[in-house]
Amino acid sequence: MKMLILIMSFIMSPIQEEAVKDIGTALKAGSSKELIKFCNQTVEIKINGESSNYSKAQAEVVLRDFFSKNPPTNFTYIHQGASQGLKYTIGRYTHDNGAYRVVMFIKKIDDKYLIDTLNFSQE
């Protein structure tokens, strides 16, 4: 049984890393359409301290507005970690007028890793 759990953790790891990579690509492109594919059915979005829970459709509008006001010049991950099916990442989203620290909590739901919380804090 322990061997099966160990094998499953190695199988899941590449799936998890692929999702994180694709999320980073969507942020770097400023694509709300692509980013929303990796969001939970309800997602908490926090921008400069103002937080709210949104459906996927609402979240896409909020993200599209954010990206249109702050078109990205780059996005990079600074730190990543995981604990019991919850992955967290810290990244830096840059735009022409500054940068945001981006903290994400990504949950494993069924066999997918989906963004549960997305926090943009201006640096």
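Everything quoted here is computed from the prediction, not taken from an experiment.
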*Under 30°, 30 to 60°, or over 60°: which ring-plane class applies to F66 and Y93, parallel, tilted or perpendicular?*
tilted
*asked:* Over 60° means perpendicular and under 30° means parallel, so tell me whether Y88 and F105 are parallel, tilted or perpendicular.
replied: tilted
*Do NZ/NE/NH1/NH2 and the carboxylate oxygens of R64 and E60 come within less than 4.0 Å?*
yes
*Can you tell if the side chain of L114 reaches within under 4.5 Å of the side chain of I106, non-hydrogen atoms only?*
no
*Does the side chain of L118 reach to within under 4.5 Å of the side chain of L35, using non-hydrogen atoms?*
yes
*Q80 versus I90: any side-chain heavy-atom pair under 4.5 Å?*
no
*Answer whether the closest heavy-atom distance between the side chains of R92 and E123 falls below 4.5 Å.*
yes
*Got a sec: does the CD of E50 have more than 12 other heavy atoms crowding it under 6.0 Å?*
no
Mind listing the side-chain donor-acceptor pairs of residues 38-45 below 3.5 Å, one per line with the distance, residues two or more places apart or on another chain?
| unit_1 | atom_1 | unit_2 | atom_2 | d |
| --- | --- | --- | --- | --- |
| N40 | ND2 | D116 | OD1 | 3.2 |
| E44 | OE2 | S51 | OG | 2.6 |

*Just wondering, do F75 and V102 contact through their side chains at under 4.5 Å, heavy atoms?*
yes
*If you measure only the distance, is there a donor-acceptor pair under 3.5 Å linking the side chains of S121 and N119?*
yes
*Please confirm whether the backbone N or O of V20 pairs with a side-chain atom of Y77, one donor and one acceptor, at under 3.5 Å?*
yes
_Value rounded to 0.5 Å, distance of NZ in K28 from OG1 in T94_ = 9.0 Å
*Close side-chain approach of F120 and N70, heavy atoms under 4.5 Å*: no
_Interatomic spacing from NE2 in H95 to CG in N74 - rounded to 0.5 Å_ = 12.5 Å
*asked:* Working to the nearest 0.5 angstrom, can you tell me the gap between T117 OG1 and K107 NZ?
replied: 7.0 Å
_Using only atom types and a distance under 3.5 Å, with no angle test, would you say the side chain of T25 pairs donor to acceptor with the backbone of K21?_
yes
*Got a sec, which residues hit side chain to side chain donor-acceptor pair (under 3.5 Å) with K37, two or more places apart in sequence or on another chain?*
E34
*asked:* With a 6.0 Å cut-off (strictly less than), is the heavy-atom count around NZ of K33, excluding the residue itself, greater than 12?
replied: no
*Heavy atoms, side chains only, cut-off 4.5 Å: are M104 and T89 in contact?*
yes
